[in-house]
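Quick notes on the structure that follows.
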Amino acid sequence: MSDSVRVRFAPSPTGWLHIGGLRTALYNYLFARQHGGTFVLRIEDTDQSRYVEEAEQDIVESMRWVGLEVDEGPDKGGNVGPYRQSQRTDLYREHVDQLLASGHAYVAFDTAEEIDAMRERLKTPDNPSPKYDAATRMQMMNALTLDADEVQRRLDAGEEYVVRLKVEPGQTVRFDDLIRGPVAFETDTVDDQVLLKSDGFPTYHLANVVDDHAMQITHVIRGEEWLPSTPKHVLLYDAFGWPPPAFAHLPLIMSPTGGKLSKRNADKMRIPVSVKDYIAQGYEPEALVNFLALLGWNPGDERELFTLSELVEAYSIERTAHSGAQFDIDKLQWFNGQYVRELSPTEIAERARPGVEERVGPVDPAHLEAVAALMHERLTFAHNLADAAYFFQDPTTYDEQGLKKRWKDDSAGLMRAYADRLEADDTFTEESTEAVMRQLGEDEGAGFGRIIHPVRLATTGTTAGAGMFETLVLIGREATIRRLRRAADELG
RNA sequence: GCCGCGUUCGUCUAGGGGUUUAGGACGCCGCCCUUUCACGGCGGUAACACGGGUUCAAAUCCCGUACGCGGUACCA
């Protein structure tokens, strides 16, 4: 039991859950589920200055929206809680003391300004950002340079301090990344990372390691931006005498132009970055999950439509890509269309109603459903139904290109004639409306296209849409006749 | 600068020594279906970063270069 898989998604509540964060959560979830393991949510709220009140709830809601069910977490409980780091500060303090006692860490009194000054002073073209490390720490104010009495005196006086990891130079830290294979770092390139900040809160590195151990996490699956920090974490596990978990570093999601998918450049390309924006824009959660899963992973065969449970089945962390993937909104929308097509008319109507009613006022549910059924195949988003407002109200404008191409000198006359004949058609079915139109064409010696295209323009204002006669039936006899005559009058 | 990780069609990717005229998907283009537009079907366009090496044989292995990304905080 103790060796069963446990993974965690550990976001920082600093804003709306990012699309990249959701993908990290997804991969963790898939890994947990396919190993019959446990998926933990842990809130890493150790940065007081960046804390955003609503963020945690947004994380929970976003994950719920796509169906990533958490086994343990702040709103779920579990027996290794609490699941918010701000509620675990005593634990970190204890562990810091342990490291201090064992000589793996030391107290430092330097202020931010003093550290900046040191970096400024030691800066050379070859070394533009000197580290606080074995090479420089002996020039600073810390327990390694001050004598014990002085350190105690400062502590007693309540002077601010941080606790730093004492990184021994000249060593090589190695670990096997599940995705990338063996990775090695020289400790000479690792600085004496701050573990405990002067406000008493731990840094990410300390809290993360302590919690992953305390929560018995077996696999750390996270974004590639953490790869350079991993040697610090491995060093910490060593210092505590704990076996490190397995690590897997996921490739990053990048902007379509390369580079980071930041809020700013994503907005410019109309790519939502927050999960809440995907919800607001009417994306189907299944489509987002499917798209995200395939952005950096593939099953090895040519399938590409996967439900969440199919992904659990098919996923394998070894098949995860090694390089960053550019976000392709077109492909996401293609997925969305795929899933919208699987929706029932009732479901489409449900999703589209708010947008439709905002545009045309209250609509009859049965009518809306009939429209949904008819337009089904043509939708990328369920709410695209609102674009076909002509099912609910007379068109107010006519497509200009369409008029130019299809509206001829005889159109008005034909529209009036068709309207007149429809008056006499009591059944008004797909069959009858078509038969009437064909008869009209024969009698007037006009080609079918000469009539049907202007009719579409007159009744819908557009040149595109579902079958003409199905559309007419849904629009209704009275409205059809009214629209035909009005168009004839207005367009001449 | 330094450290790390990468590099196959425009994009997501398959392929990991001979099975490859390098496969699929999105996008784009064309045709079919349809007197509309989609959907669907069929077809087309388009890629192994570069240079060395290893080998009978390299997109595949090794080295270097270039380029990209990440990191280089008392942020995560």
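Proteins come first, then strands; the chains are lettered A, B, ... in the order of their sequence lines, and each starts at number 1. Everything numeric here is computed off the predicted structure, so don't read it as measured data. The analysis underlying the following values was restricted to heavy atoms, covering all of them including side chains, and did not include hydrogens, waters or symmetry mates.
An OP1 or OP2 oxygen of B:rC74 is reached within less than 4.0 angstrom by a side-chain nitrogen or oxygen of A:Arg164. At least one side-chain nitrogen or oxygen of A:Thr46 sits closer than 4.0 Å to the OP1 or OP2 atom of B:rA76. For the OP1/OP2 pair of B:rC75 and a distance below 4.0 Å, the side-chain nitrogens and oxygens of A:Lys197 include at least one atom meeting the criterion.
For the segment residues 379-392 of chain A, the set of residues with a heavy atom within less than 4.0 Å of an atom of RNA chain B is empty.
Between A:Val183 and A:Thr230, the closest side-chain pair of non-hydrogen atoms is not below 4.5 Å. Contact of the A:Tyr418 side chain with the A:Pro454 side chain is not registered, since no non-hydrogen atoms from C-beta on lie closer than 4.5 Å. Counting heavy atoms from C-beta on, the side chains of A:Asp211 and A:Gln85 come closer than 4.5 Å. Under the 4.5 Å side-chain criterion, counting only non-hydrogen atoms from C-beta, A:Leu100 is in contact with A:Asp97.
Backbone-only contact: A:Val194 has heavy atoms under 4.0 Å from sugar-phosphate atoms and none from a base. Using a 4.0 Å heavy-atom criterion, one finds that A:Gly296 contacts the sugar-phosphate atoms exclusively. Among the heavy atoms of the strands, none lies under 4.0 Å from A:Gly258. Contact annotation for A:Ile452: no contact, since no heavy-atom pair falls under 4.0 Å across all strands. Contacts of A:Asp110 with the nucleic acid, taken as non-hydrogen atoms under 4.0 Å apart, include base atoms. The residue A:Gly467 sits close to a base: some heavy atom pair falls under 4.0 Å.
When rounded to the nearest whole Å, the span between CZ of A:Phe327 and P of B:rU13 equals 13 Å. Atom NE2 in A:His453 sits about 6 Å away from atom P in B:rU36, given to the nearest Å. Rounded to an integer number of Å, the gap from CZ of A:Phe201 to P of B:rA73 is 23 Å. Atom-to-atom, CG of A:Leu252 to C1' of B:rC12 comes out at 16 Å; the value is rounded to the nearest Å. If you measure from atom CD of A:Gln401 to atom C1' of B:rC37, you get 15 Å, rounded to the nearest angstrom.
Ring planes of A:His233 and A:Trp226: tilted class, angle from 30 to 60°.
A:Phe291 pairs with exactly one of A:Trp297, A:Tyr339, A:Phe327 by the ring pair (Phe, Tyr, Trp, His ring centres under 6.0 Å) rule, that one being A:Phe327.
Using atom C1' as the reference point in both B:rC31 and B:rG23, the two lie 23 Å apart (nearest Å). Atom P of B:rC67 sits at a distance of 35 Å from the matching atom of B:rC56, rounded to the whole Å. Comparing B:rG71 with B:rA76, their C1' atoms sit 13 Å apart, to the nearest whole Å. Annotation: B:rG51 and B:rG10 have their C1' atoms spaced 26 Å apart (nearest Å). Rounded to a whole angstrom, the distance from the C1' atom of B:rG53 to that of B:rA47 is 24 Å. Taking atom C1' on both nucleotides, B:rA14 is separated from B:rU20 by 12 Å, rounded to a whole Å. B:rU7 and B:rG15: their C1' atoms are spaced 16 Å apart (whole Å). Comparing the same atom, P, in B:rA66 and in B:rC50 gives a spacing of 16 Å after rounding to whole Å.
Taking the ring centre of A:Tyr27 as origin, the terminal cationic atom of A:Arg23 falls inside the region bounded by 6.0 Å and 45° from the ring axis.
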Readout for nucleotides 2-9 of chain B: B = base within 4.0 Å of protein heavy atom, S = sugar-phosphate only, - = neither; 5' to 3' it is -SSSSS--
Scoring nucleotides 15-29 of chain B by protein non-hydrogen atoms under 4.0 Å (B base, S sugar-phosphate only, - none) yields S-------SSBB---
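Under the 4.0 Å criterion applied to side-chain N and carboxylate O atoms, A:Arg438 and A:Glu434 are assigned as salt-bridge partners. Note on A:Glu444 versus A:Arg450: no salt bridge recorded, every NZ/NE/NH1/NH2 to OD/OE distance being 4.0 Å or above. Between A:Asp191 and A:Arg164 there is no salt bridge, since none of the side-chain N atoms of the basic residue sits less than 4.0 Å from a carboxylate O of the acidic one. Ion pair A:Lys408/A:Asp410 not flagged as a salt bridge, since none of the NZ, NE, NH1 or NH2 atoms sits closer than 4.0 Å to an Asp/Glu carboxylate oxygen.
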For the pair A:Arg319 and A:Asn298, evaluate side-chain hydrogen bond (donor to acceptor under 3.5 Å, both in side chains) and give the outcome as yes or no after the intermediate values.
CA-CA 7 Å; A:Arg319 293 196 60 86; A:Asn298 76 84; 3.0 Å; yes
A:Arg50 and A:Asp47: salt bridge (Lys or Arg N to Asp or Glu O under 4.0 Å), yes or no, with the steps?
CA-CA 6 Å; A:Arg50 295 209 302 156; A:Asp47 185 350; 3.4 Å; yes
